[in-house]
Amino acid sequence: MISFEPTEDQKLITGTVSDFAKSTLAPRAREFEAAQAVSAEARRAVHELGLSLAAIPEALGGQGLGLITATMINEELAYGDPAAPFGLPGFGAYLIAAQELGSDEQAKALIAPFAEPSAHDRFGAVAWSERKPNRDRAGFVTTAKKVSGGYELTGAKAFVGNADLAESLIVFAQVDEKAGWNGVGAFVVDKQNPGLRVAGRHQTLGLECGHFGEIVLEAAKVSDGGRLEGRGDFIAACTRFFAKYSLIVAARQVGLARLAFDVSREYCDIRKAFGKPIGHFQDIAFTLADRHMDAESARELVRRGAWTWDAGKDLDKCLLATAQAVAHAHQVAMRCADDAVQLHGGAGFMRDVIVEKLMRDAKQMALAGATAEQMDQLAAAVELGLPLDPALIWPTPETQAVLT
Ligand SMILES: Cc1cc2nc3c(=O)[nH]c(=O)nc-3n(C[C@H](O)[C@H](O)[C@H](O)COP(=O)(O)OP(=O)(O)OC[C@H]3O[C@@H](n4cnc5c(N)ncnc54)[C@H](O)[C@@H]3O)c2cc1C
C-alpha cells in the first residue's frame, strides 16, 4: 500500500534540510549567482549534514535512505535556492552513474572519496552530450578505440555539469560504431589524464552557480578497469542512471514550483488594487489555486516515481512513473515561475525580487537531463509496449526518433 506520510526519519531529515536551505541558501542565492559558485562555507555546511550520499546503498558506501528521501532532500534544497544543488558536490549525476554503471568494486572506489571530510571541494561529472551530434550514424561522435590494456577516447562533450571542477569524469563514448546506440561504453577519466582538456565554461541563462562546460578528449587513455559495464546489462544500467538522475532534477523543479507559488501567494496578499489585495480578484485567485495544484501534483508524481524504484517495481513501471513525473515537473515549474513573474507585475522583472531568477532557473533545469519531450517519448514507448530501445535512453539529439 502506498503511504503519502513521510517516515519519522524522513520528517527529521527534511526538517533539517528545510531549515538549512531557508537560513543558509535562500538569503545567499543572489550572492551565489553573482559569484557563479556556491560558497565553500555553504558547501562545507551541506557536506557536514551528510546529505549527498543519502540515496546510495549502504553496501556501496552510502546511507541507503533510498530515492524517495533523496528527492525530498533535493526538493527542500531547491526551495532555498533552486540553483544551489547544481553547485554542491555529490548532488550531481556522478554518484548515481557510479552506482548504476559500475561493478560493486568500481562503484565503491568512485563513491568513497565523496564521504571524506574534505569532500565539500570534490566534484564529479558525467559527460554524454555532444555539441556536434552524429548525422551519419547512430551513436556518439566521441569514440573509444580498443588498444592494448585499455581504450583511447577521442572527441568533445558539451553542457557537462562540473566539467571544469571535476576530479573524475564518467564519459560515454562509442566503442563499436556499427552497433549504433548498442555500441556505447562508459569510461572513468581522471582530471590528470593528459588526453583530457577542459575547453571552457558556458555562460548560462540561469543556474549560474552551477558550472557547465565543454571537454575535449585527445586519445585519452583509460585502462580496461576504467570501463563501467553496468553489471552485465549496460542498457538497463544506463536507463536506471538517466531515469534516477532526471527524477532528482524533477524534485528540484518541485522545490522551485513551491517557492514560486509561496512567494506569489504572499505578494498577492500584500499588493492592493482598487482597495483590496490582488489575490481577491477571481482571475488571480484561480491562477494561484491552479499553480498550487500544479506544485502539489508534481510533488506527488515525483514521490511516486521514486517509490517505484525504492519498491523494486518492474523496469517498465519505474520508467513510466519516472517519465510522467519528470515531464510534468518540468512543465509545472515553468508555469509556476512564469505566473510568479506575471503576478508580480513590473516588480517581477526586477532583480531585487527572486521570481525572475526562478523563471530562468526553471527553464534551464528543464534542459538539464531528459527534457519533457524526451520523457513524453519514453512514456509513450512504454505505454505502447515497445522494447526498451537504447535510442530512447540517452537524452541527446538523434536518440529520440523511436516514434517517428
Ligand atoms: C543545466 C544543464 C545541465 C546539463 N548537464 C549535463 C551534464 O552533466 N552532462 C551532459 O552530458 N549533458 C548535460 N546537459 C545537456 C542536456 O542533457 C541536454 O541539453 C538535454 O538532454 C537536451 O539535449 P540537447 O540539448 O541535445 O537537445 P536536442 O536533443 O537537440 O533537443 C532539442 C529540442 O527538441 C526536443 N526533442 C528532442 N527529441 C524530441 C522528440 N522525439 N519529440 C519532440 N521533441 C523532441 C527537446 O526536448 C528539445 O526541446 C545539461 C544541460 C543543461 C541545460
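Since the model is a prediction, treat every value here as computed from it, not as a measurement.
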| Which heavy-atom pair separates A250 from V302 by the least distance, and what is that distance? | CB-CG2, 3.9 Å

| Do you know the tightest heavy-atom contact between I73 and A54? | CD1-CB, 3.6 Å

| remark: All heavy atoms of V332 vs all of A295, minimum pair found to be CG1-N, 4.0 Å

| message | Checking E5 against R303 for the salt bridge (charged side-chain N to carboxylate O under 4.0 Å, His left out) test, could you report, in this order, the C-alpha distance in whole Å, the side-chain angles of both residues, the deciding distance, and whether it holds? | response | CA-CA 11 Å; E5 188 64 17; R303 296 265 165 95; over 6 Å; no

| Test side-chain contact (heavy atoms from CB on, under 4.5 Å) applied to K146 and V175, step by step | CA-CA 8 Å; K146 186 75 189 95; V175 182; 5.9 Å; no

| query | Shortest non-hydrogen contact from L49 to F20? | reply | CD1-CG, 3.8 Å

| request: Answer yes or no: is there a donor N or O on one side and an acceptor on the other, between the side chain of Q253 and the main chain of A298, under 3.5 Å? | output: no

| If you round to the nearest 0.5 Å, how far is CE of M334 from CG of D339? | 10.0 Å

| Is the shortest heavy-atom distance from the side chain of S264 to the side chain of L288 under 4.5 Å? | yes

| Considering all heavy atoms of both residues, which atom of G305 and which atom of L247 are nearest to each other, and what is their separation? | C-CD1, 3.7 Å

| request: Take F32 and S39, measure what side-chain contact (heavy atoms from CB on, under 4.5 Å) needs, and give me the verdict at the end. | output: CA-CA 7 Å; F32 300 157; S39 68; 3.7 Å; yes

| Sub-4.5 Å side-chain heavy-atom contact between L367 and F159 | no

| query | Should the heavy atoms of other residues, nucleotides or ligands under 6.0 Å from CD of Q342 be counted, would the total exceed 12? | reply | no

| Sole residue of L196, I215, I170 in side-chain contact (heavy atoms from CB on, under 4.5 Å) with V189 | L196

| message | Within the structure provided, determine whether L228 and L110 are in side-chain contact (heavy-atom separation under 4.5 Å). | response | yes

| said: With a 4.0 Å cut-off on N to O distance, would you call R231 and D104 a salt bridge? | reply: yes

| request: Quick one: do E48 and R44 satisfy salt bridge (charged side-chain N to carboxylate O under 4.0 Å, His left out)? Show the steps, please. | output: CA-CA 6 Å; E48 279 164 10; R44 199 172 295 115; 5.5 Å; no

| query | Is any side-chain heavy atom of W128 closer than 4.5 Å to a side-chain heavy atom of V171? | reply | no

| task | Check for a donor-acceptor pair, side chain of E208 on one end and backbone N or O of A83 on the other, with a separation under 3.5 Å. | result | no

| message | In the structure I gave you, are the side-chain heavy atoms of L259 and D81 within less than 4.5 Å of one another anywhere? | response | no

| message | Quick one, T154 and K145 - any side-chain contact, counting heavy atoms below 4.5 Å? | response | no

| said: Assess, by modelled atom type and distance only, whether the side chains of S18 and Y79 contain a donor and an acceptor separated by less than 3.5 Å. | reply: no

| said: Between K357 and E33, is the salt bridge (charged side-chain N to carboxylate O under 4.0 Å, His left out) condition met? List the steps. | reply: CA-CA 9 Å; K357 174 172 150 44; E33 181 186 16; 5.3 Å; no

| task | Mark yes or no: K191 above the aromatic ring of F123, with NZ or CZ under 6.0 Å from the six-membered ring centre and no more than 45 degrees from the axis. | result | no

| Worked verdict on Y267 versus H344 for ring pair (Phe, Tyr, Trp, His ring centres under 6.0 Å) | CA-CA 7 Å; Y267 186 77; H344 278 72; 4.2 Å; yes

| message | Checking the side chain of Q174 only, and the main-chain atoms of F140 only, is there a donor and an acceptor separated by less than 3.5 Å? | response | yes

| said: Checking V355 against F349 for the side-chain contact (heavy atoms from CB on, under 4.5 Å) test, could you report, in this order, the C-alpha distance in whole Å, the side-chain angles of both residues, the deciding distance, and whether it holds? | reply: CA-CA 8 Å; V355 292; F349 222 67; over 6 Å; no

| Got a second to check how far Q364's CD is from M359's CE, nearest 0.5 Å? | 13.0 Å

| said: side-chain contact (heavy atoms from CB on, under 4.5 Å) for V126 and F241? Distances and angles first, verdict last. | reply: CA-CA 11 Å; V126 186; F241 157 59; 3.9 Å; yes

| task | Start with the C-alpha gap between R258 and E76, add the side-chain angles, then the distance that decides, and say whether salt bridge (charged side-chain N to carboxylate O under 4.0 Å, His left out) holds. | result | CA-CA 10 Å; R258 276 177 47 214; E76 293 308 328; 3.2 Å; yes

| message | Would you compute the distance between atom CD of E167 and atom CG of D190 and round it to the nearest 0.5 angstrom? | response | 9.0 Å

| query | Rounded to the nearest 0.5 Å, how far does OG1 of T322 lie from NZ of K317? | reply | 13.0 Å

| task | Check whether any side-chain N or O of N74 sits under 3.5 Å from a backbone N or O of R252 as a donor-acceptor pair, and report yes or no. | result | no

| message | Can you tell me if E266 has over 12 outside heavy atoms packed within less than 6.0 Å of its CD? | response | no

| query | Just wondering, do W309 and L319 contact through their side chains at under 4.5 Å, heavy atoms? | reply | yes

| Under the 3.5 angstrom rule, does the side chain of R291 hit a backbone N or O of R265 as a donor-acceptor pair? | no

| Distance-only, no hydrogens or angles: does the H280 side chain make a donor-acceptor pair with backbone N or O of A285 under 3.5 Å? | no

| message | Regarding E356 and R30, does a basic nitrogen lie under 4.0 Å from an acidic carboxylate oxygen? | response | yes

| request: Please answer whether the main-chain N or O of E116 pairs with a side-chain N or O of H47 as donor and acceptor at a distance below 3.5 Å. | output: yes

| query | How many angstroms lie between atom CH2 of W181 and atom CD1 of I235, to the nearest 0.5 angstrom? | reply | 10.5 Å

| field | CG-CD distance between L60 and Q106, expressed to the nearest 0.5 angstrom | value | 11.5 Å

| query | Is the side chain of K157 donor-acceptor paired with the backbone N or O of A163 at a distance under 3.5 Å, no angle test? | reply | no

| task | Would you indicate whether the side-chain heavy atoms of V46 and R43 approach each other to under 4.5 Å? | result | no

| Just by distance, do the side chain of N193 and the backbone of K221 share a donor-acceptor pair under 3.5 Å? | yes

| said: Is it true that E130 and T142 share a donor-acceptor pair across their side chains at a distance under 3.5 Å? | reply: yes

| query | Which atom names give the shortest non-hydrogen contact between P89 and R122, and what distance separates them? | reply | CB-O, 2.8 Å

| said: Main chain of T7, side chain of Q10: is a donor-acceptor contact present, judged purely on distance under 3.5 Å? | reply: yes

| Flag if over 12 foreign heavy atoms under 6.0 Å of NZ, K11 | yes

